Amino acid sequence: MPRKLLLCLAASAALVACKRDAEAPAATAPAPVPVPAHTFASAINAADFGELVKNLASDEFEGRAPGSKGEELTVNFIRDQMQRIGLQPGNGDSWFQDVPMTETTADPNTVLKIQRGDSSQELKFGTDMVIGTRSGQPEIKIDASELVFVGYGVDAPEQNWNDYAGQDWKGKTVVMFVNDPGFHADDAKLFDGKRMTYYGRWTYKFEEAARKGAAAALIVHDTAGASYGWDVVKNSWAGAQYDLPAAEDKEPRLQAQGWLSAEAAGKLFADAGLDLDKAYRDANKRGFKPVPLQAKLSLDLKSTIAEKKSRNVVGVLPGSKRADEAVVYMAHWDHLGKHEGEEGDNIYNGAVDNATGVAGILEVADAMAHQPTPPERSVVFLAVTLEESGLLGSQYYVNHPTFPLNKIAGVINIDAMSVNGRARDLTVTGFGSSELEDILKPLAAKQNRTLHAESSVQSGFYFRSDHFPFAKAGVPALYADGGEDLLDGGVEAGKRAAEAYGKDRYHGPKDEYDPATWKLDGTVEDLELLYGVGSELAAGATWPNWYEGNPFKANRDTMMKGQASTPAK
């Protein structure tokens with residue numbers, strides 16, 4: 001998901017999960033993946049980067065689906081590259097961290113039955129809606145659950161906003177809009193206006209509905225609000241879905257959760273005597289009250305459940321002086337796998353998303369392992385699984401870190417790098433968040449580049465990639481790569497490239513390595529910047545924090561009590 005302008009795109013995302021091969025990983029690792037017939041240099045360079053991406057995004061790796069043959073090839077390839085570079089196993093004496101996962105595959109023949117008086121209709125999976133469960137149960141039955149429209153499904157006390165006020169929600173099905181109050185009305189006085197907050201994320205909306213006691217929740221899809229089309233929703237929710245076991249997640253879970261297409265939602269509202277456009281306007285007004293949809297929902301959801309595991313890959317470059325402190329570079333290795341039964345090219349190679357990120361952290365690792373002065377702090381290189389399923393590998397690592405979180409000076413996340421060439425700028429997703437930007441800014445200036453926020457602030461990209469579990473826990477995290485103002489063609493060229501990727505390749509089989517069109521000179525510059533940030537942080541004793549007013553600062557302050565907290569200069 002997901003992705004800077006390159007993928008800042010209005011089609012980027014992080015909808016969760018996709019079709020997967022069902023084969024579980026073996027208990028013991030198979031033979032190592034052969035090292036490519038390529039001579040690597042220690043310096044960051046385009047040839048090495050391209051070679052790594054070419055292998056990770058090859059058809060042989062079958063789209064790198066968790067729990068598949070592609071996982072085995074992928075995690076062993078990454079391990080072998082870490083060994084070649086000279087890293088050490090980063091999880092005790094192991095290169096791997098097992099991540100337990102519950103695999104849930106909903107029956108695609110599932111229908112939602114909507115009953116209104118004597119009339120009824122059935123909503124079809126993939127066309128009118130998508131539905132799933134995180135309960136771990138093979139069958140979920142919901143009978144005649146009252147449907148209620150709850151606006152944006154937000155309870156934000158600091159905003160004096162509660163879409164759930166005044167009702168008992170037990171057993172009900174809530175219907176809500178994606179994004180934040182203020183977005184569709186373009187009202188800068190509501191929440192952050194066009195900039196999505198965490199309240200706008202679909203993950204939050206399902207979590208909040210569960211906390212309120214609802215049986216099920218449905219989000220009304222719209223392309224602008226979600227920042228991706230219905231096809232992304234349909235493709236991402238079809239097939240096997242993954243989750244951490246309930247033991248790893250103490251929050252309540254809904255019996256069922258999913259999305260309604262705009263067309264299906266329009267009919268649902270119209271049949272209740274409501275106008276969908278007016279509902280958008282009303283939901284953006286303070287004092288909004290829930291609206292019964294005069295209908296009841298019934299569902300018989302059958303799913304195939306399997307308990308499996310995937311793996312994070314962890315390498316470490318031990319620090320020379322303060323080895324108990326760490327800087328973390330991370331990227332997710334997983335993608336959407338091989339979609340059996342699809343005609344034509346059915347391998348979702350994930351070259352940009354996110355073979356580029358994995359290649360990026362390996363290139364940085366190589367440079368850092370061979371720099372003249374070893375880092376004083378340890379540097380962790382973390383390739384996580386199950387990003388496409390909701391940042392699960394990252395969340396598991398945060399729950400079970402190899403360094404205590406209060407010993408991690410900062411996190412640098414690389415997700416879907418720009419391959420569009422050199423740029424005059426650098427996109428920092430979540431710009432204005434932490435003092436890590438104080439390290440990045442002068443380094444970017446040396447490349448004659450400026451920093452700015454992502455252009456699609458409404459898309460909530462900061463909440464869609466693997467740094468976010470660290471951020472929620474309080475650890476400062478930087479998510480920056482790619483520029484919008486290309487040296488060759490300017491902003492317009494950057495926009496065209498982003499739109500083309502979002503429309504034609506993102507989360508599809510055409511996201512393939514293409515040496516004929518990729519321009520890696522800019523990618524190398526981006527990696528050199530991110531290398532510079534981590535190198536400076538690992539060489540010093542500073543403890544960057546979040547900027548004042550950031551919602552994650554309180555957690556960082558709490559974890560750092562009694563420990564020196566020197567800001568970045």
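This is a predicted model, so every value here is computed, not measured.
Looking at Val380 and Val314, their side chains come closer than 4.5 Å, going by heavy atoms from C-beta outward. Side-chain atoms of Trp95 and Gln83, non-hydrogen and from C-beta on, do get closer than 4.5 Å to each other. Between Gln81 and Asp366, the closest side-chain pair of non-hydrogen atoms is not below 4.5 Å. Contact of the Tyr501 side chain with the Ser418 side chain is not registered, since no non-hydrogen atoms from C-beta on lie closer than 4.5 Å. By the 4.5 Å heavy-atom criterion applied to side chains, Leu301 and Thr133 are counted as neighbours. Here the side chains of Phe470 and Met330 are in contact, with some heavy-atom distance below 4.5 Å. In this structure the side chain of Leu260 never reaches within 4.5 angstrom of the side chain of Ile219, judged on heavy atoms. Annotation: side chain of Phe49 is in contact with side chain of Thr356 (closest heavy-atom distance under 4.5 Å).
Neither side chain, His184 nor Asn179, offers a donor N or O lying under 3.5 Å from an acceptor on the other. Glu307 and Thr102 share a donor-acceptor pair across their side chains, judged by distance under 3.5 Å alone. Side-chain contact annotation: Glu248 with Asn399, donor-acceptor N/O pair under 3.5 Å present. Between the side chains of Ser389 and Gln241, no donor-acceptor pair is found at a separation under 3.5 Å. Side-chain polar atoms of His339 and Asn346 form no donor-acceptor pair below 3.5 angstrom. Between Asn349 and His335, the side chains place no donor N or O within less than 3.5 Å of an acceptor N or O (distance only, hydrogens not considered). Defined by atom type and a distance below 3.5 Å, a donor-acceptor pair is present between the side-chain atoms of Asp514 and Thr517. Remark: the Tyr348 side chain and the Glu342 side chain contain an N/O donor-acceptor pair separated by less than 3.5 Å. The closest side-chain donor-acceptor pair between Thr105 and Thr304, if any, does not fall under 3.5 angstrom. Checking His332 against Asp353 by side-chain atom types alone, a donor-acceptor pair falls below 3.5 Å. Residues Thr450 and Asp425 have side chains that never bring a donor and an acceptor to within less than 3.5 angstrom of each other.
Under the 3.5 Å distance criterion, the side-chain polar atoms of Gln447 are left unmatched by any main-chain donor or acceptor of Leu443. Remark: side-chain polar atoms of His221 are paired, donor with acceptor, to backbone N or O of Tyr228 under 3.5 angstrom. Looking at Arg79, its side chain never comes within 3.5 Å of a backbone N or O of Val313 through a donor-acceptor pair. With Asp511 contributing its side chain and His507 its backbone, the two residues share no donor-acceptor pair below 3.5 Å. Side chain of Thr127 to backbone of Lys124: no donor-acceptor contact under 3.5 angstrom is found. Here the side chain of Ser394 pairs no donor or acceptor atom with the backbone of Leu391 at under 3.5 angstrom. Listed for the Lys194 side chain is a donor-acceptor partner under 3.5 Å among the backbone atoms of Phe183. A donor-acceptor contact shorter than 3.5 Å links the side chain of Glu437 to the backbone of Gly432. With Asn354 contributing its side chain and Gly350 its backbone, the two residues share no donor-acceptor pair below 3.5 Å. A donor-acceptor contact shorter than 3.5 Å is absent between the side chain of Asn420 and the backbone of Leu486.
For the pair Arg464 and Phe461, the cation sits on the ring face: its NZ or CZ lies under 6.0 Å from the ring centre, inside 45° of the axis. In this structure, Lys205 forms no cation-pi arrangement with Tyr152, as its terminal cationic atom is not both closer than 6.0 Å to the ring centre and no more than 45° off the ring axis. Arg84 forms a cation-pi arrangement with Phe40, by the criterion of a distance under 6.0 Å to the ring centre and an angle within 45° of the ring axis.
No salt bridge links Glu103 with Lys309; every basic N to acidic carboxylate O contact stays at or beyond 4.0 Å. For Arg449 and Asp526, the salt-bridge test passes: some basic side-chain N is under 4.0 Å from an acidic carboxylate O. A salt bridge does not link Glu499 with Arg496: every distance from a Lys NZ or Arg NE/NH1/NH2 to an Asp or Glu carboxylate oxygen is 4.0 Å or more. The pair Asp243-Arg134 meets the salt-bridge criterion, since a charged nitrogen lies less than 4.0 angstrom from a carboxylate oxygen. Salt-bridge annotation for Lys495 and Glu484: absent, with no side-chain N of the basic residue lying under 4.0 Å from a carboxylate O of the acidic one.
By the 30° and 60° cut-offs, the orientation of the rings of Phe463 relative to Tyr198 is tilted. In this structure, His467 and Tyr479 have tilted ring planes: the angle between them lies in the 30° to 60° band.
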Exercise for the section: Please report the C-alpha distance between Met417 and Val352 in whole Å, then the side-chain angles of each, then the deciding distance to 0.1 Å, and finally whether the side-chain contact (heavy atoms from CB on, under 4.5 Å) criterion is met. Expected result: CA-CA 6 Å; Met417 299 196 72; Val352 167; over 6 Å; no
Exercise for the section: Evaluate the salt bridge (charged side-chain N to carboxylate O under 4.0 Å, His left out) criterion for residues Arg311 and Glu72: first the C-alpha distance (whole Å), next the side-chain angles of each, then the deciding distance (0.1 Å), finally the verdict. Expected result: CA-CA 9 Å; Arg311 282 172 289 179; Glu72 290 300 298; 2.3 Å; yes
Problem - Worked verdict on Trp333 versus Thr385 for side-chain contact (heavy atoms from CB on, under 4.5 Å) - result: CA-CA 6 Å; Trp333 62 255; Thr385 184; 3.2 Å; yes
Practice task
List the steps and the verdict of salt bridge (charged side-chain N to carboxylate O under 4.0 Å, His left out) for Glu525 and Arg422.
Solution key: CA-CA 7 Å; Glu525 285 196 340; Arg422 298 175 63 199; 3.1 Å; yes
Practice task
Could you walk me through whether Phe61 and Phe77 pass ring pair (Phe, Tyr, Trp, His ring centres under 6.0 Å), step by step?
Solution key: CA-CA 10 Å; Phe61 281 57; Phe77 178 86; 5.8 Å; yes
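Distance check, rounded to the nearest 0.5 Å: OH of Tyr199 to CG of Asp180 gives 9.5 Å. One finds the CE atom of Met176 at 12.5 Å from the CH2 atom of Trp202 (value rounded to the nearest 0.5 Å). Between atom OH of residue Tyr397 and atom CG of residue Asp466 there is a gap of 13.0 Å, rounded to the nearest 0.5 Å. Taking CG of Leu87 as the reference point, atom CZ of Phe381 lies at 6.0 Å (rounded to 0.5 Å). To the nearest 0.5 angstrom, Glu51 atom CD is 5.0 Å from His38 atom NE2. For the atom pair Lys234 NZ and Met129 CE, the distance stands at 13.0 Å (nearest 0.5 Å).
More than 12 non-hydrogen atoms from other residues, nucleotides or ligands lie less than 6.0 angstrom from NZ of Lys472. Within 6.0 Å of CG in Asp488 there are 12 or fewer heavy atoms belonging to other residues, nucleotides or ligands.
Minimum interatomic distance between Ser303 and Thr104 (heavy atoms only, all atoms of both residues): CB-CG2, 3.7 Å.
Checked against the 6.0 Å centroid threshold, Tyr280 and Phe177 count as a close aromatic pair.
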